Amino acid sequence: MLPKDSKPWNTLFFLIFLFISFHQSLSDPNLIEHTWQEAFEALGISWNPDGTLNRSILIPMVDPTPDADANPSAVALSQDVYLSPYNKAYVRLYIPVNPPKNQKLPLIIYFHGGDFVLFSASTVIFHNFSNDIASQFPAVVVSVEYRLAPENRLPAAYDDALNAIAWVRAQALGIGGRDPWLEYADFSRVFLLGSSAGANIAYHVALRALDFDITPLQIKGLLLNQAYFGGLRRTQSETRLIDDPYVPLYVNDVLWSLALSKNLNRDHEFCNPISGGTYLGRVFRLPKVYIKGDFGDPLVDRSVQLLHFLQSRKVPVYYRFNRGGYHGIELQNTTAAQQLYNDMRWFVYDVDIDVKSEDLSSGKYVNLNTVDILSSGRASY
């Protein structure tokens, strides 16, 4: 667990930090005691001697597909664009194989999942997800590579996300030229999309961007898929699904301890967006928000809480909560993935809905389920 070359005082501090981090979870009478080593084994990670992580998750990373001739079955083209000559920051840019010639496409800025600790924009599951979005919407997709924790704890990922938005703005203004693929993008129709930790990033960077002049970009909406939020107090879904095979509670505790700075607890706004902090006064300025959750996901109650919080701030919210399911279902289940794509395309393209605009401006949220699962009895999910 500890770096091999740790000095005695560093070792003592680390052990104290582990004790504090786990104090709440180990005192929970519903939680079977687990060790950090078990969590690390479940995540496929281990400490390197220099205190960084060795990540051995067996999900491959793939190269972009800049030319359809190299892959005749490709549904979208992709290329990596480095944002600075001074660091490794990059985005993976996607366009449909045959983009429309006389129509600008919405621009989707995408933040991948991985609980802030794992994966990359080039990880195959997120690469394929971006391919599908680019082809099915259709849209131009900018998938952001952001720094991971614990080497770079929050807010590093938010900083990288904001830097990517600044790069897109520079592209819109033609500063230093413009990538030819972005000629297809409508910079007045920008959407921030994230799954899991990426949804957390999308939410926070949307609020941060309100402090800056990003014209001519216009962020028209947020798409939050199974958002990765937390808090000190356990929710019903977390305790009900305590040993969930995808996000078991003891692993979730370790992930947040790796993601947050050591002086922050899980009611900090980075983890719990409705607990307070610097962003609360800006929330009412957010554009429309799409929230998707599954009641088989331990994190689902966090999305329900955010939905009600945004409604109280008069933010127009569209939501879908499905019975059953699990965290990351759209990456494994094609039916769930297609439902999500359909919802998001509908949201992005402003398909006519049976809701008056004044209802949305007053904070009404739009249920995309055939029945209102939130009021029809969540005990049966």
Side-chain angles (χ1 to χ4, degrees), residues 30 42-43 57 59 110-116 118-119 123-126 128-133 136 193-203 222-231 234-253 255-256 273 289-310 317-348 365-381:
N30 297 313
L43 292 166
I57 289 289
I59 301 179
Y110 172 60
F111 309 103
H112 68 80
D115 313 309
F116 299 110
L118 300 169
F119 307 133
T123 300
V124 63
I125 52 177
F126 303 119
N128 290 342
F129 184 79
S130 297
N131 273 331
D132 288 342
I133 292 168
Q136 289 206 25
L193 163 63
S195 297
S196 191
N200 179 309
I201 295 170
Y203 180 78
L222 311 183
L223 297 131
L224 309 182
N225 173 40
Q226 296 184 325
Y228 190 64
F229 293 119
R234 306 293 191 195
T235 66
Q236 291 183 9
S237 61
E238 287 169 344
T239 55
R240 177 176 56 86
L241 296 165
I242 194 170
D243 292 318
D244 177 72
Y246 297 94
V247 194
L249 198 56
Y250 76 99
V251 172
N252 193 41
D253 288 339
L255 287 165
W256 275 117
V289 179
Y290 166 81
I291 294 177
K292 187 263 184 179
D294 294 86
F295 279 116
D297 177 5
L299 305 181
V300 67
D301 283 352
R302 302 292 178 183
S303 289
V304 174
Q305 290 173 351
L306 181 66
L307 184 154
H308 292 312
F309 171 69
L310 293 176
V317 184
Y318 303 73
Y319 70 84
R320 182 186 295 277
F321 288 94
N322 295 320
R323 301 186 191 278
Y326 49 86
H327 198 73
I329 185 173
E330 76 285 349
L331 301 174
Q332 302 182 51
N333 183 299
T334 56
T335 301
Q338 194 60 57
Q339 179 196 69
L340 178 64
Y341 298 151
N342 291 344
D343 277 1
M344 293 192 301
R345 183 172 60 245
W346 173 88
F347 181 85
V348 166
Y365 40 89
V366 179
N367 171 32
L368 302 181
N369 296 96
T370 54
V371 297
D372 191 348
I373 194 171
L374 297 186
S375 61
S376 64
R378 283 164 47 198
S380 59
Y381 33 150

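This chain uses plain numbering: 1 for the first residue, then up along the sequence. Predicted model only: the values in this text are computed from it and were never measured.
- In summary, the side chains of Asn322 and Gln339 do present a donor paired with an acceptor at a separation below 3.5 Å, with no hydrogens or angles considered.
- There is no side-chain donor-acceptor pair under 3.5 Å between Asp244 and Tyr326.
- Judged by distance alone, the side chains of Asn252 and Tyr228 do bring a donor and an acceptor atom under 3.5 Å apart.
- What you find for Gly194 and Ala202 is that their closest heavy atoms are N-CB, 4.2 Å.
- Under the 4.0 Å criterion applied to side-chain N and carboxylate O atoms, Asp253 and Arg234 are assigned as salt-bridge partners.
- For the pair Ile133 and Leu193, the minimum side-chain heavy-atom distance is below 4.5 Å.
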Practice problem: Go through the steps to decide whether Lys292 and Met344 satisfy the test side chain to side chain contact (heavy atoms under 4.5 Å, CB included), and finish with yes or no. | Solution: CA-CA 10 Å; Lys292 187 263 184 179; Met344 293 192 301; over 6 Å; no
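- Side-chain polar atoms of Asp343 and Tyr290 form a donor-acceptor pair below 3.5 angstrom.
- Within the 4.5 Å cutoff, the side chain of Phe129 has no heavy atoms near those of the Thr123 side chain.
- For the 3.5 Å distance criterion, the side chains of Gln305 and Asp301 fail to qualify, holding no donor opposite an acceptor.
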Quiz item: Could you go step by step and tell me if Leu255 and Phe116 meet the side chain to side chain contact (heavy atoms under 4.5 Å, CB included) rule?
Solution: CA-CA 8 Å; Leu255 287 165; Phe116 299 110; over 6 Å; no
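- Side-chain contact between Pro273 and Phe229: present, with at least one pair of heavy atoms (C-beta onward) separated by less than 4.5 Å.
- Counting heavy atoms from C-beta on, the side chains of Tyr246 and Ile329 never come closer than 4.5 Å.
- Here the side chains of Gln226 and Ser195 are not in contact, with every heavy-atom distance at 4.5 Å or above.
- Tyr203 has its side chain within reach of Leu306: a pair of non-hydrogen atoms, C-beta onward, lies under 4.5 Å apart.
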